[in-house]
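Working notes, structure below.
We're numbering straight along the sequence, starting at 1.
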Amino acid sequence: MTEDGTGSSAMSGQWPADERVPSSPAGPPQKRPPRWGLRTLGFLGLALLAIIISASLGGHTFGTLGSLVFGLIGAGYCSVKGFRAALKHDALHMLWDRDQGR
């Protein structure tokens, strides 16, 4: 066992426990905002998969047509929600400021 600069002893090859760091505050962790762009890509991927499968089958079935419609509607919904979230958090100011500088 060795003694580090803080006076605590630790076994050789192990990190000593750092007790000076305060624990995280009580309460639920912060919720991460939804990633609307990734959700949009997921729905577009579903629609693409439905198109590929319907082409390989020679026509649409109830499942492929339903998946295509669901994918396109979901992608549209997520795109609108993502754009509104970007406007709410003023994330698009970079594009607008760049266009006004011309």
Side-chain angles (χ1 to χ4, degrees):
M1 297 223 304
T2 61
E3 191 168 314
D4 61 2
T6 60
S8 65
S9 61
M11 293 190 69
S12 178
Q14 293 181 353
W15 290 97
D18 192 358
E19 297 178 13
R20 292 175 287 170
V21 177
S23 62
S24 61
Q30 290 184 349
K31 185 178 178 186
R32 186 174 74 190
R35 297 182 177 188
W36 293 109
L38 293 177
R39 291 183 183 186
T40 301
L41 288 176
F43 280 114
L44 288 175
L46 176 66
L48 179 65
L49 184 64
I51 290 172
I52 291 171
I53 290 174
S54 68
S56 69
L57 293 175
H60 283 288
T61 63
F62 180 74
T64 58
L65 187 61
S67 296
L68 176 64
V69 169
F70 182 75
L72 292 177
I73 290 174
Y77 174 79
C78 290
S79 296
V80 169
K81 291 288 281 187
F83 189 70
R84 286 183 180 169
L87 287 176
K88 181 181 176 184
H89 296 294
D90 200 27
L92 297 176
H93 73 280
M94 294 180 290
L95 296 175
W96 290 329
D97 291 343
R98 184 172 25 167
D99 289 340
Q100 292 175 358
R102 289 183 182 176

Let me have the donor-acceptor pairs involving side chains of residues 36-55, under 3.5 Å, with sequence neighbours excluded, atom names and distances please.
residue: T40; atom: OG1; partner: W36; partner atom: O; Å: 2.8
residue: S54; atom: OG; partner: A50; partner atom: O; Å: 3.2
residue: S54; atom: OG; partner: I51; partner atom: O; Å: 2.9

Validation: residues 70-83 side-chain donor-acceptor distances under 3.5 Å, sequence neighbours left out:
residue: S79; atom: OG; partner: A75; partner atom: O; Å: 2.8

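Counting all heavy atoms, side chain and backbone alike, L68 lies closest to H60 at CD2-CE1, 3.9 Å.
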